[in-house]
Each structure stands twice: as C-alpha cells, then as structure tokens.
Asks: 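After the structure tokens below, expect a handful of questions from me.
Treat the numbers as computed from the prediction; the structure is a model and nothing was measured. Numbers restart at 1 for each chain; the letters A, B, ... are given by sequence-line order, proteins then strands.
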Amino acid sequence: MDLVVAVLFQLVYGIASLALISLGLAIIFGMMRVINLAHGEFLMLGGYTVVVATNAGVNIWIAMLILAPAVVGLIGVIVERLLIRWLYGRMVDTLLATWGLSLLLIGLVTSIFGASTSTTISPPLGIIRIGDYSASGYELFLTGVTVVLFIGVWATLKLTKLGLVARGTMQNPEMSAALGVSNARIYMITFGLGAAVTGLAGGLLAPLTGVLPTIGATYIAKAFITVISGGASILAGTAAGSILLGGINGIFAFITGPTIGEVALLVSAIILLRLLPRGITGRFFRKFL
Amino acid sequence: MTLSRRDFVMGTSALALTAPATIARAQSDNINFASILDLSGGLDIYGAPMAETTRLAIEDINAAGGLLGREVELKMYDAQSTIQFYTQFATQAAAGDKAATVHAGITSASREAIRPTLARFKTLYFYNTQYEGGVCDYNNFCTGSTPAQTVAKVVPYAMNKWGKKVYIVAADYNYGQITAQWMQKFVADNGGETLDVEFFPLDVTNFGPTINKIQTAKPDMVISALVGGAHVSFYRQYAAAGMLKEIPIASTTFGVGNEQKLISAEEGNGIIASYGYFEGVDNSANKNFLARLEAKLGADRPVMNELAIRSYEGAMLWAEAVKAAGTIDREPVIEALRSGLSYDGPSGKVTIDSQTNHCSMNVYIGELANQEWNIVESFDNQPPADTQLVCDLNANPNQSTFLFENGLEAAGIK
C-alpha cells in the first residue's frame, strides 16, 4: 500500500514536472505559432537567476518565485523586441533564429559562469514519510505550484481584459488591429509572459537538477513533444500531453528502468501523432483553453 | 576610410613579405605535444582541469630546459564533447602537427574513435582517464586506474562497513555497462548479493522512480557509476528524499568531475569513492604541485582529481621516456616506456606495466566530508590486474584491440 502511494506520488510529480517545463513553450508556440528553440535556455537562465541570487544572499523563495520569472520575462521581452518581432509568420526563419539564440545563450552563460557552477542550493522543505518510503517535500511543493500556475494562466487568459485581447489578437490580428489594439504590444506581452513562466519553471527545478549551461538540452525535446502531442489548446493540451506522456514514462521507468521509460514516452508520442495528427486537443477537449 | 589600389598593393605585398617568416616559424624545431580534450559541452567538467594540468606539465618541462635541447609546444584542441571532432583533430595532430605524442580522450567512446587513427599514423597515444579496462594496444598507453585497481578496493571496503546487499546504478554507455559488470563480479567475489542494476541515459534528470525502486529493494548500499552533469541530480534527489542517511552510496565516478563541489555538503557527506589520487595524498611532490598550481591559477583553482593529476603525470611519463630514449621517435620512446619506466608524481609512484601498457599505481579510498575527500585507506603499487587477465603485449606486441568492448563474458571473464 505504501509502495502504491509512493509510486503514485512519483507519477504525479513526473507529470507535473513535464507540465511545468512545457507550459511556457505552450504559451509561445500555441498562441503565437513561434517555435522557440531557445526554450531550454530560458529554463537554464531561470535556474542561473536562482543560483546567482541565493549566492548573493537573497531568500531562496523570493529568488525562485519572483526573481526567476521577472528576469527571464524581461529577457523574453528584449528577445521579442530585437529578434522575434521581425520574423512573425516566418516559421522556419524563427526556428533558425531561436536556435542561434540558444547557442548564443549557452556560450554567454558558459563564458560568464564557467562550464560548471557550484550550485550548492539544496531543495528546501523536508522529507515526507509514506510508511517505509520517503519522498521529497519539495517535489510535492513543485506539484502544487504547477497546479496553481495552470489556474493562474487560465484566469489571466479567461478572466482579464488582457487575456481577452491577447486571445483575440492571436485569432485574428487584422480585426483586433482594426478595433484599436496594438498588436505589437500584445505579441510582446505574450512572449514575455511565456518566457516568465519558463523562467519560473527553470528556477523551481534548479535545486533538484542543478544548473549547467547545457542543461536546456535535456528539457527541450520533452517540452516540444508534450506541447505538440497536446495540440492546439494551451492549457488543456499541455495538461493532457503531460498526463499521457509523463504517466507512460513514469510507469515504464518504474517497471523496467529509465531507458525503456524514455523509449516508451517517445513511442507513445509517435503513435499518438499518427492517430491524432493535430494532437490530443485536435480531437478531444476542443472547447477548452 | 576608402581603400585605394595603392594601399591594397602595399598591404598585400607587406603580407607577402611576412608570410615566409610565418612558415619558417611553423617549421621550427619545437617538439609538438598534442592534447585533445572536451573543454566545452557536457563533458567539460572533466576536461577543463585536465587541460590546466596538461599546460602546467608542458610549462614544467620547458622550465627544466625542454627535451633534447628543444622546446615542447602544446597544441591544444577542444573536441566540444563531440566524437567527430576527436577524429578530425587526431588526424590534424598526427598528420598536420606531426605531434610526437597525442594525449587525448575522456570517454571511452572518444578513445575508441581516435585509437585506430593514431595507430594508423603511427603516432604515440596516451589516454589519461580512469576507465573500464581492456585496451590492449602497443601504441596506446592508458595511465588511468581500471576496475581491478579501484572497484576491487571500494567494494569490499564498503561491504565491510555497510553490509552485503548492493544496488547498482550506472550510466548507459560502455563505461557504465562494463563497470557494472565488474561491480557485480567483485560483489559476488566478496560474498555479497547484487539486488538490481539500472542504467541511465546521460540526459536523465528525474530519478524519482529509481529512488522508489531502491526503497522497495532495501539494499545495504548503492554503488553508482553515473556520469556527467545531468546525473548529478541523482545525488541531490537521493538526499532530498532523505535516503543518504538510510542507505549510503559508494561510487566509482563521483568526484572525477568534482561533483562534490556541485552539491551541498549535507547532500554528499559520507559518500565513498576510490581513485588513484585525492588532494590529501601525503607526499612532497603533491604538496609542491598543489602550491604551484595555486600560485598559477589563484585560490579558486579547480580541485584536483585523478583525471587532472594523471594528465600531468602522463605528460611527465612521456617526457621521462623521451629523455631515456634520447629521441622523440615513436619506437624507441615506446620501448623506453615499456622498460618499466616510472615517475614519482603527486599521486605517488606511477610505473608502466609492459604487459598491458597500463600503469601500476597507488590507489586511495576517500570518504566525503564537507565537500572534501578524506583518505581513509591507501594501497601501494596496485597492478592493472583486470587488463592483465586478457592482454599480453610482451608475448604479442602487434595488438590494437579493446578486449572488453562486448563485456566481460565476451572477454572470457566470468
């Protein structure tokens, strides 16, 4: 019984961490159709923000929950102004440009912080006992934050004027421009918001995984697979993709080992996209955001 | 500024005048020493300190008057954690630089990529990394420790301390796979039991399911051969789940990338590892070496580990052989090395074993406390007994094979 609870906990955490790393990408890709190959590096920058801030004496919670999204969101806005806004509607060009950006960011961070950073921040929060088993309290916290983040993004898009205008602009830019909305501003804000969510995710994961300049590479493929499997709806799609792929990965990793776990994740994504080329929300939950 | 035709002609003719000088310099009689290491990319946590000590070795050789009255010139290449650059740079070092020796490779995969190239170009090759053993190559000297030197020591030590039931986690490529087989063998030889073996691709960062499995299996200890930056998260997550205090860890890889500095003190305290070198080795050569390193690089110099020290000692072994042979030609230098040449370096005395072209060396067991290794046991002059089981270059020098490529059973070791 304890084992079931412990394994379920790990499963839920695996799903939540997948959703956490994918959400920022889903906002940028799902809403703006911009393929951001520097997504992994945004996560990495969030991590570095936390490391630098805590080493400078900032409280770790402030560093993770406030500084990381603020810094990366700002970087996102700058990137959008300098790079992305020239390339809207040119998918292949954005792909190349953001790939270049990703290499540039890895190079910059390596030359500033060196190839390996001594990230001596331990996960805060203690240990949870589940009978004979134990799990990290921080992982539970991460799961909670993911849920709150999804609700927050949902509320922003659905309940605020900004969300309404942003959704309208993404659906029909000409019409919203005709109604007096500054499209350029909305694109900038949306990109910045996506980057901020990504930065938050990177900051939250930093104490668990550590940060290296190249750590983004371990996230980017999974984030893309999750978002594309999820399909057009930002939140429902990311959630459905994470639950399906994270669940399969976790179950197979527990039964057979991590190698087969990763293989199972990729195979199920391939089968899924063969059957549902537009992703899960291309057929199900279409009305959801 | 506009460029007139006259400026252009003057500029290019000036260039033409200086060009012969450049060519003349390239053909100076410096001895070329090539180093190919991963100075960027995922493996740079290993490569960067190795490059520093290689530079120091060449400086030391030149400060002592060079070799045979000639200066040694270091040609350093960054393979960027990409195997194809290894083959490219190895060809360049051998055919372009005409290097007297190439010291290269971190992962076994990189070694296997360039070993045939350097054999074909008849260029002496040093591999200065601890690895899984089994290279039997007349042209290739492997100066790092192998499982019979380290795993064979750390397994019984940890089993005496903690118990007989062992859970193995390892990186999923030839080093991890083969080392895991050695671990199982040494666990069985010491009357223990291996409960499970798990392999991880190098980019895995979520170890939650494995930690659950370890909790289910209830071993007395975990032995790890995890590799690279992403795998450091295992130690963090293991400690975060409160496991380190219940089920301790021994490792054959933790520390060679200075991982003890990447995690906090309480996440690492009590981890045990075995290598051919720790900074605490007590001899004058080591104290002298560390002092000079600190003078050169300042107080935030990288922590020295076996890979870094062996890169220094590998260069020095080659220099000793050149002095003994009186030439930099490959055959006489190899014969000088194989005559049982030894060097008293920071790790103690390192002696070439002519049967295998590996090294007999001192081996140390260290225990981690507050991000520093304390040496708890040391063993003098340990031979590369694993490779000796299968390789005899004295009987048959014309060999260039990696005998453990398909595992221990394929090599006839059960």
Asks: Below 4.5 Å from any heavy atom of chain B, which atoms of A:Leu18 appear? Answer side chain, backbone, both or neither.
Replies: neither
Asks: Can you confirm whether more than 12 heavy atoms, excluding those of A:Phe29, are under 6.0 Å from its CZ atom?
Replies: yes
Asks: Are any of the side-chain heavy atoms of A:Phe9 and B:Asn212 separated by less than 4.5 Å?
Replies: no
Asks: Heavy-atom cut-off 4.5 Å, strictly under: side chain, backbone, both or neither for A:Tyr138 against chain B?
Replies: neither
Asks: Between A:Gln10 and B:Asn206, what is the shortest heavy-atom contact and its length?
Replies: OE1-OD1, 4.4 Å
Asks: Would you name the heavy atoms of A:Pro258 and B:Val204 that are closest together and state the gap between them?
Replies: CB-CG2, 4.4 Å
Asks: Report the option among A:Leu208, A:Thr218, A:Leu205, A:Ile215 that has the most heavy-atom pairs separated by less than 4.5 Å from atoms of chain B.
Replies: A:Leu208
Asks: Look up atom OG1 in A:Thr256 and atom NZ in B:Lys213, then write down how far apart they are to the nearest 0.5 Å.
Replies: 6.5 Å
Asks: Side chain, backbone, both or neither: which part of B:Glu259 has a heavy atom under 4.5 Å from chain A?
Replies: neither
Asks: For the NZ atom on B:Lys296, are there more than 12 heavy atoms of other groups (residues, nucleotides or ligands in this structure) within a distance under 6.0 Å?
Replies: yes
Asks: Can you measure from CZ (A:Phe254) to CD1 (B:Ile211) and round to the nearest 0.5 angstrom?
Replies: 12.5 Å
Asks: Given side chains that start at C-beta, do those of A:Thr259 and B:Phe200 come closer than 4.5 Å, heavy atoms only?
Replies: no
